[in-house]
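Along the sequence shown, residues carry numbers from 1.
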Amino acid sequence: MSQISQASASSFTANEAAGQVGSSTDGYNELDIDSFLQLLISELQNQDPLNPMENSEMVAQIGQIREIGATDALTKTLTNLSDSQELVTASGLIGKEVDGINDSGSSVRGVVDRITVDTDSENSTRTIKVHVGATTMNLRNIREVTSG
């Protein structure tokens, strides 16, 4: 007969992990789809062969996987939409007079002549930069916009 190891008996199940996900926003943010699948596979591999997981438990866990995947896809879509909207907003500033704070912390007032998009080394974070002559400022640091 197979015997469950002490380590697997003491580890928590995917159902317990999902319960923690539902009760804590931080837990949900930390548990991605790959981690959840690893928990589910570990649970299946280490279950008691004489007392296997019920079908209803398996269906519930698969539903949770789909929910996490859908939430992740929605988050990515909303992030892309927000990034696109920032770019459109910045483009609309070309030729307008702005007042804001440049990258070195000084106050700047002038007409926007161009915009650029800076990305980090992994291309995961974008920053929209507005250029007023030789001065650069973050789009979020603009305090006032006039027609120029």
Side-chain angles (χ1 to χ4, degrees), residues 4-47 53-148:
I4 298 177
S5 70
Q6 189 68 340
S8 64
S10 65
S11 66
F12 61 97
T13 65
N15 273 340
E16 291 168 339
Q20 289 175 351
V21 166
S23 65
S24 169
T25 305
D26 292 337
Y28 176 76
N29 289 336
E30 293 172 9
L31 185 68
D32 62 355
I33 190 77
D34 294 330
S35 299
F36 188 86
L37 287 172
Q38 287 175 345
L39 281 171
L40 181 62
I41 290 169
S42 293
E43 184 178 10
L44 289 173
Q45 289 174 338
N46 295 312
Q47 69 181 335
M53 182 187 301
E54 295 290 324
N55 288 341
S56 60
E57 291 176 13
M58 178 70 76
V59 170
Q61 289 180 2
I62 290 171
Q64 290 167 350
I65 291 171
R66 288 184 178 162
E67 185 178 322
I68 290 170
T71 302
D72 188 43
L74 179 60
T75 300
K76 287 178 184 174
T77 300
L78 290 174
T79 300
N80 288 339
L81 181 63
S82 175
D83 289 347
S84 297
Q85 184 60 42
E86 268 191 339
L87 191 57
V88 169
T89 300
S91 297
L93 293 176
I94 295 174
K96 299 201 183 229
E97 187 173 346
V98 296
D99 180 29
I101 300 172
N102 68 8
D103 292 344
S104 62
S106 302
S107 184
V108 174
R109 183 171 198 84
V111 177
V112 175
D113 54 8
R114 65 188 173 101
I115 60 166
T116 56
V117 179
D118 290 344
T119 58
D120 64 358
S121 61
E122 299 167 358
N123 289 331
S124 61
T125 304
R126 295 177 7 156
T127 305
I128 309 293
K129 298 285 187 169
V130 177
H131 299 269
V132 176
T135 306
T136 303
M137 72 178 96
N138 189 318
L139 177 64
R140 296 171 192 248
N141 290 341
I142 294 177
R143 296 181 287 194
E144 182 181 9
V145 178
T146 56
S147 358

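- Distance CG/Asp103 to CG/Asn138: 7.0 Å, rounded to 0.5 Å.
- Sparse packing is recorded around CZ of Arg140, with 12 or fewer heavy atoms of other residues, nucleotides or ligands lying under 6.0 Å away.
- The NE2 atom of His131 sits 12.0 Å away from atom CG of Asn102, with the distance rounded to the nearest 0.5 Å.
- Across all their heavy atoms, Gly133 and Asp113 have their closest contact at N-OD2, 3.4 Å.
- Gln85 is not listed as a side-chain neighbour of Leu81, based on a closest heavy-atom distance of 4.5 Å or more.
- One distance of note links OG1 of Thr135 with NZ of Lys129; it measures 12.0 Å at 0.5 Å rounding.
- Checking side-chain atoms of Thr75 against main-chain N and O of Thr71 turns up a donor-acceptor pair under 3.5 Å.
- Using a 4.5 Å heavy-atom cutoff, the side chains of Leu87 and Ile115 are in contact.
- Smallest separation of non-hydrogen atoms from Ser107 and Asp99: OG-OD1, 3.8 Å.
- Distance check, rounded to the nearest 0.5 Å: CG of Asp72 to OG1 of Thr77 gives 9.5 Å.
- Residues Val112 and Ile142 form no side-chain contact, since every pair of their non-hydrogen atoms from C-beta on lies 4.5 Å or further apart.
- Distance CG/Asp118 to CD1/Ile128: 9.0 Å, rounded to 0.5 Å.
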Check against side chain to side chain contact (heavy atoms under 4.5 Å, CB included), Val130 and Lys96
CA-CA 11 Å; Val130 177; Lys96 299 201 183 229; over 6 Å; no
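- Thr116 contributes atom OG1, which lies 11.5 Å from atom CZ of Arg126 (distance to the nearest 0.5 angstrom).
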